[in-house]
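Here's the structure, in structure tokens; my notes come after.
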Amino acid sequence: MADPMKIRANLTGDSTEVKVLMSHEMETGQRKDGQGKPIPAWFIQNVKVMHNDKVVLTAQWGPAVAKNPFLSFKFKGGAKGDKVRITWTDNHNDTRTDETTIG
Amino acid sequence: MRNTILGRGIAAGAMVMVVGGLLYGCATAPADPEVSARATAMMKASFKAHGQAKLDRLDQDETQRLCSDYAGRALPASVAEKIQQENLATVRYPADGKLVGDWKSGEKIAQSGQGFQYNDDPKKPAGANCYACHQLSPKELSYGTMGPSLYRFGKLRGFTDDNRKYVWAKVYNAEAFSACSNMPRFGHQHILTEQQMRDVVALLMDPASPVNQ
Amino acid sequence: MGHSATSGGFFMNADRREALKAGGAWTLLTLVAAAGWLRPGDATAAEAWNKAAFETHSMDETMKALGGGTPAQSTDIVFFSTPDIAENGAVVPIGVTSKVPKTESIAILIEKNPNMLAAMFDIPPGTEPSLSTRIKMGQTSNVYALVKADGKYYVTSKEIKVTLGGCGG
Amino acid sequence: MPSTMRRRLAALASASALALVFGGAFAQSTEEGIAQYREALQDGNPAELWEARGEEMWKKPRGPKQVSFAACDLGLGPGVVKGAYAQMPRYFPDANRVMDLETRLLWCMVHQQGYTEADATKIKFGDGGSKRSDYEALGAYVASQSRGVKMNVPLDEPHVRDMFHLGERMFFFRGGTHDFACATCHGDDGKRIRLQDLPNLSKVEGARKAYTTWPAYRVSQGEVRTFQWRLNDCFRQQRFPELEFGSDASIALTAYLAGRANGAEYNGPAIKR
């Protein structure tokens with residue numbers, strides 16, 4: 001199973017800054033292994049960030065997003081103690097959801 | 001037991017018990033021959049042959065030994081002179097007298113850092129990795145500064161026979177001109193082939209080379 | 001009905017637009033998803049990944065796959081924390097802020113990558129049209145930040161040089 | 001439309017490139033560009049993913065004996081992690097040996113958790129993919145627990161001091177086909193290899209700046225690298241044979257560099273190109 005994400009959500013004024021690190025190969029499908037066989041593409045395709053029950057960001061990624069992806073953005077309306085929940089789904093249909101509390 | 005990581009450690013620990021007290025309190029003596037000898041013995045026990053890199057790579061020649069022992073101290077003029085003389089004597093010029101090859105091939109050699117590492121294929125040609133330390137063609141932004149800039153080397157100094165011979169000899173054995181130089185001895189240590197040497201000389205000494213534009 | 005995560009952004013391909021025009025079913029699904037009634041894993045299955053857009057080699061093809069026209073150059077799109085030179089192409093930080101009113105989505109495109117589109121983000125109201133991420137670059141290239149705002153496309157670009165790092169061995 | 005559009009975009013691109021040059025708000029030089037790059041990377045360090053994995057590993061019972069690292073003494077008492085990395089390498093009487101972090105972890109795995117040495121050293125270094133090394137996760141975690149702590153390698157201890165001196169000689173040892181020593185690349189101020197600045201590790205300032213960043217996440221490898229890896233790969237590039245994991249030479253050189261960094265605040269695991 002995929003490793004947990006590392007999520008930070010910090011409130012400054014009325015803006016919540018979310019920073020997330022995900023553990024993922026993000027294999028491009030362009031590389032070859034030691035025997036010269038192509039390594040199949042394996043990458044996160046969809047990301048969704050929820051604040052409590054509201055979607056605050058969705059993303060579609062291609063294999064050009066760097067390995068162990070990083071994403072940072074800000075949204076309004078968050079309060080300390082609220083939940084921020086992030087889900088990713090990759091092209092193998094593997095998925096992972098983690099959450100944190102706004103601090 | 002001695003073949004394990006932890007086992008080896010215990011054996012070494014015992015050695016420390018014998019000589020450790022002796023060193024304690026002594027001033028730092030970089031070239032203390034006893035410490036150097038123990039460091040060398042420790043290294044030989046701590047490295048293993050891997051691919052083309054065998055343990056004999058830790059056997060120092062006279063130049064390497066002197067430069068190690070005097071590292072971090074002023075190199076006495078007599079020692080420097082000895083190193084330069086001995087290394088100058090190793091320089092060989094090609095039998096056909098042809099010193100300048102193809103700068104395009106030279107540029108590739110200057111870009112490549114492959115060769116002689118334990119994970120390198122010994123059948124593939126080695127590079128000289130000139131750009132790791134020198135600026136050469138202005139098109140390459142990623143160059144190092146351990147050595148001087150060689151941009152416009154031939155243009156500034158002149159495309160003369162003497163300069164071509166000097167470049168050949170310098171690439172062949174840099175210790176012949178500058179004792180304990182950081183530059184590898186590409187000819188003397190058989191890092192580059194004779195033709196590769198010519199190509200590198202061309203990169204610096206061919207008027208058409210991008211280095212001289 | 002206002003914005004939802006999937007309405008009006010890059011995520012919408014032609015089929016989806018048709019679905020939306022047809023009303024009813026799709027709108028309900030997005031509302032359900034937005035309200036969090038579908039747990040992640042359920043909802044993600046319904047999320048779109050615009051395969052065609054991730055297989056393009058030029059801006060024209062990308063715009064076509066996204067269902068948009070020629071983007072207008074805009075000084076209201078700004079790169080931040082985006083270096084001019086990348087010490088390693090495997091990880092290149094890219095930050096994009098859009099000051100274009102009603103920004104709905106932001107995409108990052110790398111001209112000389114095997115496929116041009118790297119990432120697209122849908123920005124619902126309440127989320128600042130500003131984000132940063134990291135992408136791979138195979139070589140020195142122009143990087144485009146493409147913004148969709150109020151149904152129109154805007155673009156800005158900068159060149160990022162990719163250098164060979166390390167000892168070269 | 002296709003080609004005209006492409007051309008228009010190209011024109012836009014060069015126009016904005018000019019704006020960059022004349023605007024003056026962006027990098028004026030390669031060095032500044034690289035500095036911007038490094039600065040931008042600081043925002044999020046994937047080493048945190050390794051730290052989290054290492055913390056879990058540290059706390060869970062493991063090995064044939066199902067013993068956790070709570071029994072493992074890194075020098076400050078069994079299970080104490082806080083500040084331990086900043087005081088390593090150090091002498092461990094129970095092993096009668098100076099050990100760095102990785103060697104000590106190995107010792108705990110073998111002597112407390114019941115692993116064979118062969119099992120515990122099967123994967124010394126990961127490959128950034130599915131091949132993962134426990135040392136990289138544990139190393140990231142233990143090191144992170146010294147963040148903000150001043151380096152304080154016990155150089156007054158005779159065994160450590162002896163290793164420090166041997167490591168110093170090793171630093172200046174020239175050998176191999178290319179005559180390289182550590183000092184070849186790391187013995188002068190203000191030099192770089194390609195575009196990489198080379199810390200002068202023969203000086204206290206350089207050793208402090210460099211040592212306190214390891215272990216580090218290497219973006220080029222997508223992997224956290226420990227100091228054992230750093231030395232191993234330096235010697236590969238030096239054209240030496242392979243430096244063995246946990247060998248005395250590896251510990252002596254670490255003792256020299258870590259000891260030279262004494263007094264500096266530990267600031268890793270860092271993120272590097």
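Keep in mind the model is a prediction, meaning the values are calculated, not measured. Convention: sequence-line order gives letters A, B, ...; per-chain numbering from 1.
- Other residues, nucleotides and ligands contribute over 12 non-hydrogen atoms within 6.0 Å of the NZ atom of K19(A).
- Summarising the local packing, NZ of K99(C) is surrounded by 12 or fewer heavy atoms from other residues, nucleotides or ligands at distances under 6.0 Å.
- Counting heavy-atom pairs closer than 4.5 Å to chain C, the top-ranked of the candidates M26(A), Q45(A), Q30(A) is Q45(A).
- Pairing each heavy atom of N113(C) with each of A64(A), the nearest pair is ND2-CB, 3.7 Å.
- The aromatic rings of F43(A) and W49(C) lie tilted to each other, with the angle between the two planes from 30° to 60°.
- Contact record, T127(C) with K74(A): CG2-O, 3.6 Å, taken as the closest heavy-atom pair.
- Nearest heavy atom pair, residue A66(A) against residue A90(C), reads CB-O, 3.5 Å.
- A donor-acceptor distance shorter than 3.5 angstrom exists from the side chain of K136(C) to the backbone of P63(A), with no hydrogens or angles considered.
- Most heavy-atom pairs under 4.5 Å with chain C, from the set N91(A), V20(A), N52(A), V65(A): that is V65(A).
- Ranked by non-hydrogen atom pairs under 4.5 Å with chain A, the options P129(C), P114(C), G138(C) are led by P114(C).
- Closest non-hydrogen pair, W61(A) versus A119(C), comes out as CD1-CB, 3.5 Å.
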Yes or no on side-chain contact (heavy atoms from CB on, under 4.5 Å) for L57(A) and D122(C), after CA distance, side-chain angles and deciding distance? CA-CA 6 Å; L57(A) 191 78; D122(C) 261 20; over 6 Å; no
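- At a 4.5 Å heavy-atom cutoff, the contact between S132(C) and chain A is made by backbone and side-chain atoms alike.
- When all heavy atoms are compared, the tightest approach of E128(C) to S15(A) is OE2-OG, 2.9 Å.
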Could you walk me through whether I123(C) and F73(A) pass the side-chain contact (heavy atoms from CB on, under 4.5 Å) test, one step at a time? CA-CA 10 Å; I123(C) 317 282; F73(A) 73 102; over 6 Å; no
